Amino acid sequence: MALLSYRQPGLVLGVGLTRATELQVTDLQRDLRALGYLRKGIDGRFGDATRLAVAALQHDLLANFGESRGGDGQAPLRIAGFNRGRVASPTGEVDEALTACISELLDEPRFPKLPSSANPAAANRAALAGLRLLPSDRAPMTFILAILGQESGWKHFNEPVRGDQDAFLVVGLDTNAGEPFIVTSRGYGMGQYTLFHHPPRPEEVEGVMLDPAKNVQRAIDELCEKLEDFLIGPTPGTRADDRIAEIGAGPLRRCKYESRDPRFQVDCKNCLLRAGTREIRDGATPLHADTAETYAPTQYYREASYRGVPDRSKIGCDWPYAVRRYNGSGVNSYHYQARVLLRALEL
């Protein structure tokens, strides 16, 4: 049985509760990171992020029966099976009953724990160095690197800073179910390999999370799939409205240069510069020419104005439209597209 410093009779950890020591909160945060509920931060302060992580775990103890939200297979176990009547609601506070559940989950070999690195800065440098050697025959590395910058800040592992000991794998948590503590999917690592079930299966940890190259390869596969299947398809769900409005439904354009040209999918920076720029203004700029919907703030993007965004319609390839579909659809995907294009311009 895991020996937890915060497993003390009568001790309750939560926002504004002062009995817990900094060490106990730090240990709780480390365990929540290992179990995949805390996005980042091991600093010994029980703030709102820790509260939401605790509530997310409590929600899973009540409602996670191992099913996938996105058709990517079952989880290796049912987290709800570890409740046994000990958790009644997602309070965001840790009492003895919840601590007992955490202890059992940490001890459970079928629950893969999130990996961490003994030297995350070196691991991140090595991962980036390896990426620069990948060929651009399938997808241009300029766009791949810009996506990685947007997704993870080019980090596979979190790098500790003063007061924060977090060296776990970088994780993104989507909460699109109406409550901020209900996690609908998780993105892992530099390429934010996304899973719609929790916990991950052992082969997913070994094959994709621990290996940055394989993690990023999944991102490349995903971007290529979006280009090939989600831009000019026969139904609305397989079409990119901005591409149709600005370019039409003609053949896909992987690059303005022929494949035998040495500039094929590697001269992206110059294409971005030659395309010119446009200004996007909050509430005033339409998402594309065939809609009245405009850029507006969302739960993920508080700012909706951008300057100097490369004009996607004049870049000469369809990768900017694939970048948007990489992020899904709707206004969030247009924010994502604008930010990735800005990152690509800066690379």
Side-chain angles (χ1 to χ4, degrees), residues 2-67 69 75 77-108 111 113-114 116 158 163-166 168-188 195-200 298-300 302:
L3 298 176
L4 308 181
S5 67
Y6 51 92
R7 191 172 190 175
Q8 302 290 336
L11 179 64
V12 179
L13 289 78
V15 175
L17 303 177
T18 58
R19 283 191 57 199
T21 66
E22 182 175 318
L23 173 62
Q24 288 171 324
V25 175
T26 297
D27 288 345
L28 169 65
Q29 291 172 328
R30 184 176 290 107
D31 292 341
L32 290 171
R33 279 290 270 134
L35 294 174
Y37 289 96
L38 183 62
R39 188 172 73 88
K40 65 177 181 178
I42 301 175
D43 58 9
R45 296 188 292 273
F46 199 115
D48 194 55
T50 305
R51 177 186 64 82
L52 289 174
V54 171
L57 171 58
Q58 292 169 320
H59 172 80
D60 273 6
L61 286 165
L62 292 164
N64 185 339
F65 294 95
E67 291 91 354
R69 291 177 177 268
L77 55 79
R78 298 181 175 190
I79 294 176
F82 289 79
N83 190 347
R84 299 198 299 279
R86 291 179 288 193
V87 173
S89 62
T91 64
E93 296 182 353
V94 181
D95 57 14
E96 289 183 74
L98 179 58
T99 301
C101 295
I102 293 174
S103 178
E104 292 176 14
L105 288 169
L106 291 170
D107 286 338
E108 175 54 62
F111 193 128
K113 310 309 181 290
L114 206 65
S116 61
N158 194 67
D164 184 352
Q165 305 172 25
D166 193 349
F168 280 93
L169 189 76
V170 171
V171 172
L173 307 179
D174 283 332
T175 56
N176 298 317
E179 292 287 351
F181 57 81
I182 300 177
V183 180
T184 52
S185 66
R186 290 168 171 81
Y188 297 95
L195 292 180
F196 296 88
H197 59 265
H198 187 69
T298 72
Q299 70 177 107
Y300 296 113
R302 296 181 181 179

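Small disclaimer: the values here were computed from a predicted structure and weren't measured. Quick note: numbers below take in every heavy atom, side chains included, and nothing from hydrogens, waters or symmetry partners.
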Taking every heavy atom of Y188 against every heavy atom of L114, the minimum-distance pair comes out as CE2-CD1, 3.6 Å
Less than 6.0 angstrom from the centroid, inside 45 degrees of the normal: does R186 satisfy that with respect to the ring of Y37? yes
Is the shortest side-chain heavy-atom distance between L35 and L106 below 4.5 Å? yes
From the options V94, D27, T50, I42, select the one residue that forms a side-chain contact (heavy atoms from CB on, under 4.5 Å) with L32. T50
Does atom CZ (R84) have a neighbourhood of more than 12 heavy atoms from anything else shown, all under 6.0 Å? yes
Between CG on residue N64 and CG on residue N83, distance to nearest 0.5 Å: 11.5 Å
Please report the interatomic distance CD(E93) to CD(Q58), rounded to the nearest 0.5 Å. 8.5 Å
Do any N or O atoms from the side chain of E96 and from the backbone of L11 form a donor-acceptor pair under 3.5 angstrom? no
Can you see which heavy atom on V15 is nearest to which on G47, and at what distance? CG2-O, 3.7 Å
When you compare the side chain of R33 with that of V171, does any pair of heavy atoms fall below 4.5 Å? yes
If you compare all heavy atoms of G44 against all heavy atoms of T26, which two are closest, and at what distance to 0.1 Å? CA-OG1, 3.1 Å
If only atom types and distance count, is the side chain of R69 paired as donor or acceptor with the main-chain N or O of L195 below 3.5 Å? no
Nearest non-hydrogen partners of A63 and A80, listed with the distance: N-CB, 4.4 Å
Counting only heavy atoms not in E22 (residues, nucleotides, ligands), do more than 12 fall under 6.0 Å from its CD? no
Residues L61, L98; criterion side chain to side chain contact (heavy atoms under 4.5 Å, CB included); working and verdict: CA-CA 9 Å; L61 286 165; L98 179 58; 3.6 Å; yes
For V54 and F46, the nearest pair of non-hydrogen atoms, with its separation, is CG2-CZ, 4.1 Å
Can you find a pair of side-chain heavy atoms, one from L28 and one from I102, that are under 4.5 Å apart? yes
So CZ of F168 and CG of L38: to nearest 0.5 Å the spacing works out to 9.5 Å
Evaluate whether atom NZ of K40 has more than 12 neighbouring non-hydrogen atoms of other residues, nucleotides or ligands under 6.0 angstrom away. no
Looking at the rings of F111 and H198, which for Trp means the six-membered one, are their centres under 6.0 Å apart? yes
Distance-minimising heavy-atom pair for P90 and A55: CB-O, 3.7 Å
Beyond-backbone contact of R19 with Q8, side-chain heavy atoms, under 4.5 angstrom: no
Taking atom CZ as the centre, does R30 end up with more than 12 heavy-atom neighbours from other residues, nucleotides or ligands that are less than 6.0 angstrom away? yes
Any chance you could measure T184, atom OG1, to N176, atom CG, to the nearest 0.5 Å? 4.5 Å
Test side chain to side chain contact (heavy atoms under 4.5 Å, CB included) on Q299 and T175 and set out the steps. CA-CA 10 Å; Q299 70 177 107; T175 56; 4.0 Å; yes
Distance (rounded to the nearest 0.5 Å) between I79 CD1 and L57 CG: 7.5 Å
Distance col, row F181:CZ vs D60:CG, nearest 0.5 angstrom, shows 10.5 Å
For D166 and N158, indicate whether the former's side chain and the latter's backbone hold a donor-acceptor pair under 3.5 Å. no
Check: D43 and Q29 side chains under 4.5 Å, non-hydrogen atoms: yes
